[in-house]
> 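Got a structure here, written out as structure tokens. Questions coming.
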Amino acid sequence: MSKPISDYALIGDTHSCALIARDGSIDWLCWPRHDSPALFVKLLDDDTGGSCSVAFDGPTEAVRRYLPDTNILETTFTTATGRARLVDLMPVNPPSPEPDEGPDGESESRLIRLLTCEQGRVTGAFRVRPTFDYARRPCTPLMAGGSVLFEAGDWRLRVNAQPCPTLDGDAAEVRFSLSAGETAYLVLTHGEDQDEACIEDYAGARRRLETTADYWRRWCARSTYRGAYREAVMRSALCLKLLTYSPSGGIVAAATAGLPEAVPGNRNYDYRFIWMRDAAFTVTAFVMLGYVREASEFLRFLRERDGTYGRETRLMYGIADGMPPEEELSHLAGWNGVRPVVIGNVAEAQDQHDIYGELLRALCIFLEAVDYDPPEKVNDRLPEVLHNLTARAIRHRHDADHGIWELRTGPRQQVHTKAMIWVALRDAARIARNIAGVAAETIAEWERIAAEIRAEYLEQGWNAEKQAYVGAYGSHHLDAAVLRAALFGALDPTEPRMRATLAAVERELGVGDLIYRYRMDDGLEGDEGTFTACAFWRVGCLALGGRAAEAKAAFERLIARANDVGLLAEEIDPATGAQRGNMPQGFSHMALINAALRLESSIARFEADDGADAMASAAE
């Protein structure tokens, strides 16, 4: 029986990530990059998949948290004989001085576990059993001095520890027996350690902890967010930072592959890649929190990966090279037996024309945040980028596409796509007015075509019988993506038709505060859960529609659905409240951030209006 998806916390070093269960077991780890073949894969096969576990003698209770303003996990275990604190981190060393572009921290491709007995006495063992290449590559462990080295072809994992590790079959074991104040540590290093880089004692491991904590706390201190939901917002921001790949500036959609959206079903995808839509939305969230550098880094990624200046920008990219083919790992049982486990993602070949709007919205928000004085790589040939992206948006304005949800039932005339093409032209015109190199008549032409597109989707996207904007022209099916169109200004959230649409979405796609993205055949098996980002889009629409009190109550109930360390997967099962899909999901956390910002802006406006009314009444 697999552990619940909500059991997992995330640590990382902006190169790769590890998922750690509530019981302290590291059940997922890809090295040296997010998209590298996993060497701990117990997450997707409880029997075959390797892990790095910790077990105490006798029954154990555990509580955990992140150290404040960090991505360092602390788990406190209480046994019948004592209490111990386990700290897990992947070291990040800030460079000095910090470069204008490129990584703001140096990874060691290490994972460190520090165990301290705080009370009484605790006994037990760490157990390390890697299963390289998603458990497809045989592994030979051997003792090497005071450490254990696992080798599988070109892959290597070294285990250093105190007490010293021993071999137990195909695993390394570190047994500990600690009294109050005593410590043990375990260090996992990808590849061969250089002599000067070895961690040989607890003090060396502790220094990495202090340096890494300082890195994360200084990063958090850069946030401009001062609102009421700091804990949820900053945890989301820290999660999004972990999903970056700092050498390239790319931002992956999630840390995992193969976790199911439907139980049972076949909706088990690999999200360790860069979707233009998801990454652009993350850029917006970063900018709104004051993290302009992270936004600039993604734009650097895009410029370096797309040398066509927007002529051939693709839907999806690998984090540093090409996309791998989609592949089923038939030897893995899947989470709770839900197969197939899939790596790679065939959606890269789909047409999704909303991405032009996503990119230009993110670029517009970034440029406004830096007063139209961006780094050289962003500014280089910017008018050409605008011309190329708008030309593509205009060329595809009448085309059907697979849309934001990547439907496997074929292209449709998606209302959300048409709305985002309008956003692309609106924001291109907005940018062009603030830079040199775009003729006034060109801007006027973009605005003229944008007006035509808006008139078209307002007419053809409206379904009089449903009294709602539907998902596609001529359709009777509702689609929560139209809520997102309202958040971008492509639909007016205060206008009667959009109010009616929100009511219809709540009625037909809603389960309390939770929202399904759609309820129709999509060519896949199983009934998926509600889509977490859609629930936050509803909050945004309520706030923008002047219903701040309802939005606030719904938002607070939603953030309470995160797991014990504040993380959200892609979906939520409305019947059980269980998390579903890849974990943690960037889309969920960026939607949380943007909903919080819209909500607090709406509350501030309401209070200002209320204060003005009070003053007017007093004057009367």
Side-chain angles (χ1 to χ4, degrees), residues 2 5 43-45 253-254 256-273 275 277-278 315-316 323-330 332-355 400-417 470-472 475-484 505 508-511 514-535 537 568-576 578-583 585-588:
S2 299
I5 291 171
L43 178 72
L44 297 177
D45 192 312
T256 56
L259 288 175
E261 300 164 19
V263 181
N266 64 348
R267 306 163 186 264
N268 315 321
Y269 303 116
D270 188 349
Y271 281 179
R272 298 169 299 154
F273 309 110
W275 272 257
R277 174 190 310 108
D278 299 47
L315 164 69
M316 190 187 309
M323 286 286 297
E326 188 169 284
E327 178 184 3
E328 289 188 12
L329 301 180
S330 58
L332 294 179
W335 182 88
N336 256 4
V338 181
R339 286 178 162 143
V341 172
V342 173
I343 56 174
N345 200 302
V346 75
E348 66 163 327
Q350 289 190 350
D351 291 324
Q352 296 180 28
H353 301 310
D354 63 293
I355 65 169
D401 73 344
H402 294 88
I404 184 173
W405 305 131
E406 302 175 351
L407 299 175
R408 304 291 173 104
T409 51
R412 306 189 306 164
Q413 296 285 347
Q414 314 274 355
V415 171
H416 174 263
T417 295
V470 288
S475 173
H476 281 71
H477 295 292
L478 295 175
D479 185 341
V482 299
L483 303 183
R484 192 161 182 263
V505 167
E508 295 195 20
L509 303 183
V511 184
L514 304 176
I515 303 290
Y516 287 99
R517 47 187 180 170
Y518 52 77
R519 299 293 275 168
M520 62 182 182
D521 176 36
D522 58 6
L524 297 165
E525 297 173 9
D527 295 325
E528 67 175 8
T530 60
F531 202 77
T532 303
C534 295
W537 299 345
L568 290 160
E570 183 179 16
E571 299 185 352
I572 296 173
D573 183 332
T576 65
Q579 305 266 356
R580 292 282 180 263
N582 284 306
M583 171 79 175
Q585 178 81 2
F587 217 2
S588 299

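On a predicted model such as this, the values are computed, not experimentally measured, just so you know.
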> Show your reasoning for whether side chain to side chain contact (heavy atoms under 4.5 Å, CB included) applies to I404 and R277.
CA-CA 8 Å; I404 184 173; R277 174 190 310 108; 3.4 Å; yes
> For Y269 and E261, test the side chains for any donor-to-acceptor distance below 3.5 angstrom and give the result as yes or no.
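There is no such pair (donor and acceptor under 3.5 Å, judged by atom type) between the side chains of Y269 and E261.
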> Locate the shortest heavy-atom distance separating A253 from D278; write the atom from each residue and the value.
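Minimum heavy-atom contact is CB-OD2, 3.9 Å.
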> Could you tell me if D401 and T417 have a donor-acceptor pair between their side chains, going purely by distance under 3.5 Å?
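Looking only at side-chain atoms, D401 and T417 do form a donor-acceptor pair, the distance falling under 3.5 Å.
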> Between CG of D479 and CG of L509, what distance do you get to the nearest 0.5 Å?
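If we round to the nearest 0.5 Å, D479:CG and L509:CG are 8.0 Å apart.
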> Compare all side-chain heavy atoms of V505 with those of L483 and state whether any distance is below 4.5 angstrom.
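When only atoms from C-beta onward are counted, L483 and V505 do touch, with a gap below 4.5 Å.
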> Do side-chain atoms of T530 reach the backbone of Y516 as a donor and acceptor pair under 3.5 angstrom?
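Flag not set: sc T530 to bb Y516 has no pair under 3.5 Å.
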> How far does CD of E508 sit from CD1 of I515, to the nearest 0.5 angstrom?
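Between E508 CD and I515 CD1, I get 11.5 Å after rounding to 0.5 Å.
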> Which heavy-atom pair separates E406 from A347 by the least distance, and what is that distance?
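Residues E406 and A347, closest heavy atoms: OE1-CB, 3.5 Å.
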> Kindly say whether A575 contributes a backbone atom to a donor-acceptor pair with the side chain of D573 at under 3.5 angstrom?
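Yes; judged by distance alone, with no hydrogens or angles, the pair exists.
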> At what distance, to the nearest 0.5 angstrom, does CD1 of I572 lie from CD of E570?
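The distance works out to 11.5 Å.
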> Under a plain distance cut-off of 3.5 Å, with no hydrogens placed, do Q352 and W405 share a side-chain donor-acceptor pair?
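The criterion, which ignores hydrogens and geometry beyond distance, is not satisfied for Q352 and W405.
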> So, does N266 use its side chain to make a donor-acceptor pair with the main chain of E525 at under 3.5 Å?
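Yes; judged by distance alone, with no hydrogens or angles, the pair exists.
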> Closest heavy-atom contact between S588 and L568?
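Distance-wise, the nearest heavy atoms are CB-CB, 4.1 Å.
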> Fit a plane to each ring of F531 and W537, take the angle between them on a 0 to 90° scale, and name the class: parallel (under 30°), tilted (30 to 60°) or perpendicular (over 60°).
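Plane angle between 30° and 60°, so tilted.
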> Mind checking the CG-CG spacing from N268 to L524? Nearest 0.5 Å is all I need.
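The CG atom of N268 sits 10.0 Å away from the CG atom of L524.
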> If every non-hydrogen atom of L407 is compared with every non-hydrogen atom of Q414, which pair is closest and at what distance?
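So the two residues come closest at CD1-NE2, 4.2 Å.
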> What pair of heavy atoms forms the shortest contact from T409 to G523, and how long is it?
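Closest approach of T409 to G523, heavy atoms only: CG2-N, 3.3 Å.
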> Sequence neighbours excluded, which residues qualify as salt bridge (charged side-chain N to carboxylate O under 4.0 Å, His left out) partners of D270?
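D270: salt bridge (charged side-chain N to carboxylate O under 4.0 Å, His left out) contacts with R272.
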> Could you give me the CA-CA distance, side-chain angles and deciding distance for L478 and Y518, then say whether side chain to side chain contact (heavy atoms under 4.5 Å, CB included) is met?
CA-CA 6 Å; L478 295 175; Y518 52 77; over 6 Å; no
> Strictly distance-based, threshold 3.5 Å: is any side-chain N or O of Q585 a donor or acceptor partner for the main-chain N or O of A569?
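Looks like no, no N/O pair under 3.5 Å.
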> Please test V263 against N336 for side chain to side chain contact (heavy atoms under 4.5 Å, CB included), starting from the C-alpha separation and ending with a verdict.
CA-CA 9 Å; V263 181; N336 256 4; 5.6 Å; no
> Any non-hydrogen side-chain atom of H477 less than 4.5 Å from a side-chain atom of S475?
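A side-chain contact exists here, since the closest heavy-atom pair is under 4.5 Å.
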> Tell me yes or no: between the side chains of H416 and R484, is some donor less than 3.5 Å from an acceptor?
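There is such a pair between these side chains.
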> Would you check, one step at a time, whether the test salt bridge (Lys or Arg N to Asp or Glu O under 4.0 Å) holds for D522 with R517?
CA-CA 11 Å; D522 58 6; R517 47 187 180 170; 5.2 Å; no
> For W335 and I5, what are the C-alpha separation, side-chain angles and deciding distance, and is it a side chain to side chain contact (heavy atoms under 4.5 Å, CB included)?
CA-CA 9 Å; W335 182 88; I5 291 171; 3.7 Å; yes
> Find the distance between CG (L43) and OG (S2) and round it off to the nearest 0.5 Å.
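It comes to 7.5 Å.
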> Could you state the interatomic distance from CZ (R580) to CZ (R267), rounded to the nearest 0.5 Å?
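Those atoms lie 13.0 Å apart.
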> Taking all atoms of both residues into account, what is the closest heavy-atom pair of N345 and M323, and its distance?
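Shortest heavy-atom separation between N345 and M323 comes out as O-CE, 4.0 Å.
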